[in-house]
2 protein chains.
Amino acid sequence: MPFDLILNNLEKHIHLTREEQEIFTAYLQPKKIKRKQFLLTYGEICKYSAFVTAGCLRGYTVDKSGIEHVLNFAPADWWIADMYSLISQKTGIQNIEALEDTDVLLLSKANQEKLYIQIPKFEHFFRILTENSLVASQQRLIDSLSLTAEDRYYNFCKRYPTLIDHLPQKQIASYIGVTPEFFSRMKSEMVRKR
Amino acid sequence: MPFDLILNNLEKHIHLTREEQEIFTAYLQPKKIKRKQFLLTYGEICKYSAFVTAGCLRGYTVDKSGIEHVLNFAPADWWIADMYSLISQKTGIQNIEALEDTDVLLLSKANQEKLYIQIPKFEHFFRILTENSLVASQQRLIDSLSLTAEDRYYNFCKRYPTLIDHLPQKQIASYIGVTPEFFSRMKSEMVRKR
DNA sequence: CAATTTTCTTAACCTACATCAAGTGCCGCC
DNA sequence: GGCGGCACTTGATGTAGGTTAAGAAAATTG
């Protein structure tokens, strides 16, 4: 079944009856995104939370000198959205792009809010999801303030073990917050050291 | 009434009946924290969310070279906790310290969970609170990756206008992620420029 | 599989910020 | 009301990581 992955994902925090599962899945909108295509771009209003069932997305911003900063990767079994825009319904600052051909299930903000009312367990689920994102985001902030690039790379490896040798180096460099040139140097340094 | 501030704070997102207000306030535990005393220290398990009614707290971590990194300030009308520890109930990494004599209302994790069940509106409230923290934390991460120290100082001023000339410079320096020495130099540079 | 684009590497030089050190002002406290 | 300590300043020097540039390797595309 195409909904197995997402239902299992929910099951980590809440238990749904069969009818509830059906209400939920009826709200979902499958979508395919080809490599290098965008689910969302800078200046749009984010109207969906996306759950990745196959492939991989990246969310990033572009600063005023044109440098990209990867905020998160979303491989299969992860949720992604521009939370700022989704919450405020103002124009967002994130781009969400497919790093390879990717399948997602979209849950519109409107449907998400209906779920909160119809099945309060979803309020619980998304609260926990948001809490976990908050902790991750805070930890990454601490890391960026206190760790060296090498240690941040190490943390990246722990967080996204499946992506390490699956992703162009420049994406990893952007995630840990260094230039591709420096990242390349750093990697060869790390090899030399051991 | 001592609960006015917190009830108003809730009212920004949810509306409570008089009975619900009473159930809620009965769960709160007032506490006074003297300047330089701690609400929570590194290695403890965080058991409370704290709402500040007067004074000001700061949450910070200490990295392995002994440098402090301020994660957030909590003046009156703000919530604060070590979210990582509160959620996971594992030993935390944050210190929460009073920058001046401070009054807080404590809501224990246990009571918070009772509220979620008794009055589901609280699940809604804390979901929104967490969402807003997430957005702020993400924005700060973006800032730390893409802005210069001067721009981050500018953002600090927008976020905490009441604190600017109320706080030792070294606290601000720590928040924006530079040494007190560099911050001092930067400030005099900024004055010279205009 | 050739052509083209994208990614990766290496090297020389540069900059924002850190570190160390020494000195000044100031506030709280016995 | 003097003094001990903390916050702040200023200067000299150090360093992680950035920038620019150019070529090599790899991956996409026709």
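Convention: sequence-line order gives letters A, B, ...; per-chain numbering from 1.
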Query raised in the report: Can you name the nearest heavy-atom pair linking A/Asp77 to A/Lys12, along with the distance?
Result: OD2-NZ, 3.2 Å
Query raised in the report: Just by modelled atom types, is the B/Leu86 backbone N or O under 3.5 Å from a matching donor or acceptor in the B/Lys109 side chain?
Result: yes
**Report entry** A/Ser174 side chain vs A/Glu68 backbone, donor-acceptor pair below 3.5 Å
**Finding:** yes
**Report entry** Contact interval (first through last nucleotide) of DNA chain D with protein chain A, 4.0 Å heavy-atom
**Finding:** D/dG17 to D/dT28
**Report entry** Selection: residues 95-103 of chain B, any non-hydrogen atom under 4.0 Å of DNA chain D
**Finding:** none
Query raised in the report: Closer to the 5' end of DNA chain D via nearest nucleotide, is it B/Pro180 or B/Lys36?
Result: B/Lys36
Query raised in the report: Between B/Glu22 and B/Tyr27, do the side chains contain an N or O donor and an N or O acceptor separated by less than 3.5 Å?
Result: no
Report task. Establish, from distance only, whether the side-chain atoms of B/Trp79 and B/Asn9 form a donor-acceptor pair under 3.5 Å. Result -> yes
Report task. Specify the separation, in whole Å, of atom NZ of A/Lys170 and atom C1' of C/dT5. Result -> 11 Å
Query raised in the report: Which nucleotide sits closest to the side chain of A/Glu181: C/dT9, C/dC8, C/dT19?
Result: C/dT9
Query - Residue pairs, two or more places apart or on separate chains, that pass side chain to side chain donor-acceptor pair (under 3.5 Å) and touch residues 86-97 of chain A - result: A/Arg58-A/Glu97
Report summary line: d(B/Tyr60 OH, A/Leu145 CG) to nearest 0.5 Å is 15.5 Å
Report task. State which residues pass side-chain hydrogen bond (donor to acceptor under 3.5 Å, both in side chains) with A/Asn155; sequence neighbours excluded, sorted by chain then number. Result -> A/Asp143
Report task. For A/His166, look at atom NE2 and say whether over 12 heavy atoms of other residues, nucleotides or ligands are found less than 6.0 Å away. Result -> no
Query raised in the report: Is A/Arg140 close enough and on-axis enough to A/Tyr175, meaning under 6.0 Å and within 45°, for cation-pi?
Result: yes
Please list, pair by pair, any protein nitrogen or oxygen found under 3.5 Å from a nitrogen or oxygen in nucleotides 12-17 of chain C.
{"unit_1": "C/dA12", "atom_1": "N6", "unit_2": "A/Arg185", "atom_2": "NH1", "d": "3.3"}
{"unit_1": "C/dC17", "atom_1": "OP1", "unit_2": "B/Ala149", "atom_2": "N", "d": "3.3"}

**Report entry** Residue pair B/Leu16, B/Ile23: steps toward the side-chain contact (heavy atoms from CB on, under 4.5 Å) verdict
**Finding:** CA-CA 10 Å; B/Leu16 297 181; B/Ile23 294 173; over 6 Å; no
Query raised in the report: In B/S/- notation, 5' to 3', how is nucleotides 22-30 of chain C contacted by protein heavy atoms closer than 4.0 Å?
Result: ---------
Report task. Verify the ring-centre separation between A/Phe122 and A/Tyr116: is it less than 6.0 angstrom? Result -> no
Report task. Answer yes if the ring centres of A/Phe3 and A/Phe24 are under 6.0 angstrom apart, and no otherwise. Result -> no
Query raised in the report: OP1, OP2 of C/dT9 versus side-chain N and O of A/Gln169: anything below 4.0 Å?
Result: yes
